Amino acid sequence: MGSCKTAATIVGALAFSLAGTTLALAGAETETVATTTTREAPVPSVSQDMLSGAATDTKNNLHTNLNYEQTRYYQGKQINKSNVGKLRPAWIFQTEVVESLETTPIVVDGVMYVTTSFNHVYAIDAKTGEQFWHYKHKMGPVTTYCCGPNNRGVAIYKDKVYMGTLDAKLVALDAKTGSLVWETQIADPELGYSETMAPTAVDGKILIGTNGGEYGIRGFVRAYDAETGKQVWNFHTIPENSVGVWATHDATGKDMHRDIEAEKAALKKLGDPYKTLGGGVWQNPAVDLEKKRIYFVVGNPSPDLDGSIRPGDNLYTDSLVAVDLNTGEYVCHFQYIAHDVWDLDSVSPPILVDVKNKDGKTVPGVIHAGKTGNVYVHNRDDCSLIRFSEAMVDQTGMWTLPTPEGAKMLPGANGGVEWSPMAVNPDLGLSYAVNLHQPMTYHVESSPYPGGKLWLGGAFKVIPGSEQFGNVTAVDYNTGKIKWQKKTPLPMMGGALATAGGLVFTGEGDGWFRAYDAESGDVLWSFFAGAASTHHLPPTRWTARSTSWSVRVVTPRSTSSVATTSSPSRPTDRVSA
Amino acid sequence: MFRISGWASIAVLFASALVIGGSAIAADDIEQKAQICATCHGADGVPINNTTPVIWGQDEGYLYLQLRDFQKGTRKSPLMEPIVADLEKQDMYDLAAYFTNKKWPNLGQPSAPSDVAAKAESAAKSIGCRGCHLDHFQGDGTTARLAGQWQEYLLSQMLAFRDGSRGNNPGMSDLMKATPKEDLEPLSKYLAGLQVDQYIGRGGR
């Protein structure tokens, strides 16, 4: 706690000088107790109707991506282009964990749920920043994860909140007190399974995928009973026949330089590699309540860079997949990159929105932003591709095959668009994505399945001294054209929020959190969160007791939640770099 | 953690005996088993030489996996293999828990000079060491703590991953192969010189 206190003092002092607001710090707690309840959280039971109506609910934020369609489009207009410049910090909450924060706060009736790395959960008063309770997951001895001890948030349903854990469990907590109600071991962490995504609650089920594409897992999406934690259904993201159609070109028509004959020979010799083929699911599925379907994207094949020992298209890696919500049965899929050897997979959560088809007719669509840097627009009925957008990043050399010495290709293996959720403004027909430009070389080395150990099949190397940057890009998903693009000094990861007030919020790696004009991309407001880091978190917005609030849990290694409010009676506070 | 007294300890031991079918080892047994470890890894956490790794305060999952791998033969060591040969899985968990709760010793290794540190930083950023070993190179779970480990041991292991003689983590082998050999010594010096007394980051456990 010594080092945490130091950090708290610095962050707290900053907030105080900004706005003279109260500062809430995590108090002294006994480390042996899993949950510390300061006082019960006055949270109502969250019904399915509330969850289903989240798209028009301007009072709460009930889903990680705001609603089942995952639009991240907030329909409130209280904060808008004309007054966004008056946003000021209202409070800062210091978490005990000093690590990356990738969580999206869930807010119900003024109670905010925030998770941290290493699976802590806080219930906080959204108005004041005061803590109701703090839960620390008792981590098992074995955790296997490649990409930070992150957590991306809770799901809420009735009187419980749900979280996946690094030791591959799903836990249900009492939303009022934070005490553990049940926990279920989802998979074996010794084999490379872990959980960082927020679950999705729907129709009494808790949906969750898995990490592990860097460890030779066999990926899945599962539904668990919200009351009991018992598994309802399982969908393997890797079917027993993973071979596919031997596609030689990607979704955008680029030649992937596959050696199909060599792959066929390998298939004959090795058999179908489905048992260790990876296919993690890192982010929430979108839910079509009417059709009772879910849409999610599946991550890379294992090992990442070595295709020689996993012949075939490696279905359903690097794909959009739809399954039946009630049964988990396969409905349709679309694969972006068959037999991926670059880890340029599919991570950013899909969004359900009406789109224009090739004939100009409006149809139910689903869109996804790839690590490739393209936005893909699909027909929701059969997952087929309607169009793809102009590239949002440099794709020079795509798809140069990895070599033992290392071959340069753009984008680097983080994208394009990483796990960062897009937002859309359906009135403007625009989607907003945050991108990275991070040149890398791709190296291949072959090794057999290592039984749950890191299995990259080579290495991705950031090229020392190469310029890196990012961008915020608005894409017209009805045409595929880029409407506007704003360059940022550092590569971007985290996500975006759009509002009916004509705004887009997102944050940057040097600590700046900004509001953009949704139509033009002009920066209308900036706030320096005081963090210097490379990851970003999606902002969330909610209303508590008639005041609009916008929150962004600021960047990792600063570990604070900052709330800002649009009270017109206070002057605008800005911090210059 | 193992100094549980009174009825609680009896209840815990009884429960664990049920779970693992009579092969439960009491805290005394762990102390006894740990004595063997102390011969090389040090009774005070400081190993007898700089090619023997610090295991006091090392990450629990990592310690468990190494014991498991020595037993399975995926990590080779003529010294360690006979020592772990008869361990039950629960013994390995218990030993890992025992040592992870000890305080990491200060080996008094110097901080790397700035030119060495800069070279190490560049190499670490290039292959993304912090992605798994975290910001302060303290690791977590099944990923090893590197900060403050013996420099000679660190270098020997990076080279062993690189040439495949340490074969229990092909991902590490790939990353070491992708790193120029001349970067490994600066990397080892940099990591060895990071003395971090507090376990930073994860909050109270």
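Here is the naming used below: chain letters follow the sequence lines, and residue numbers restart at 1 for every chain. The shown structure was predicted, so the numbers you read here are calculated from the model rather than taken from an experiment. Reckoned from all heavy atoms, side chains included, excluding hydrogens, waters and symmetry mates.
Comparing A:G457, A:P450, A:G458 by heavy-atom pairs within less than 4.5 Å of chain B, the highest count is held by A:G458. The candidate with the highest count of non-hydrogen atom pairs below 4.5 Å against chain B, out of A:S447, A:A459, A:P141, is A:P141. Per-residue heavy-atom pair counts under 4.5 Å with chain A were compared for B:R68, B:K72, B:H133, and the maximum is reached by B:R68.
For the atom pair CG of B:D69 and NZ of A:K453, the computed distance is 3.5 Å after rounding to the nearest 0.5 Å. Atom CG of B:D174 and atom CG of A:D306 lie 8.5 Å apart (nearest 0.5 Å). Of the inter-residue distances, the one linking A:W455 atom CH2 with B:N169 atom CG reads 13.0 Å to the nearest 0.5 angstrom. Taking CD of A:E99 as the reference point, atom CG of B:D135 lies at 5.5 Å (rounded to 0.5 Å).
In this structure, chain A has a heavy atom under 4.5 Å from the side chain of B:L65, while its backbone stays farther away. Heavy atoms closer than 4.5 Å to chain B are found in both the backbone and the side chain of A:T144.
Within 6.0 Å of atom CG in B:D86, 12 or fewer heavy atoms from other residues, nucleotides or ligands are found, so the atom counts as exposed in its surroundings.
A 4.5 Å side-chain heavy-atom check between A:M139 and B:D140 finds every atom pair outside the cut-off. By the 4.5 Å heavy-atom criterion applied to side chains, A:H443 and B:K177 are not counted as neighbours. Under the 4.5 Å side-chain criterion, counting only non-hydrogen atoms from C-beta, B:K125 is not in contact with A:V462.
The heavy-atom pair separating B:C132 from A:Y145 by the smallest distance is SG-O, 4.2 Å. Shown here for A:T143 and B:T142, the closest heavy-atom pair between the two residues is O-OG1, 2.6 Å.
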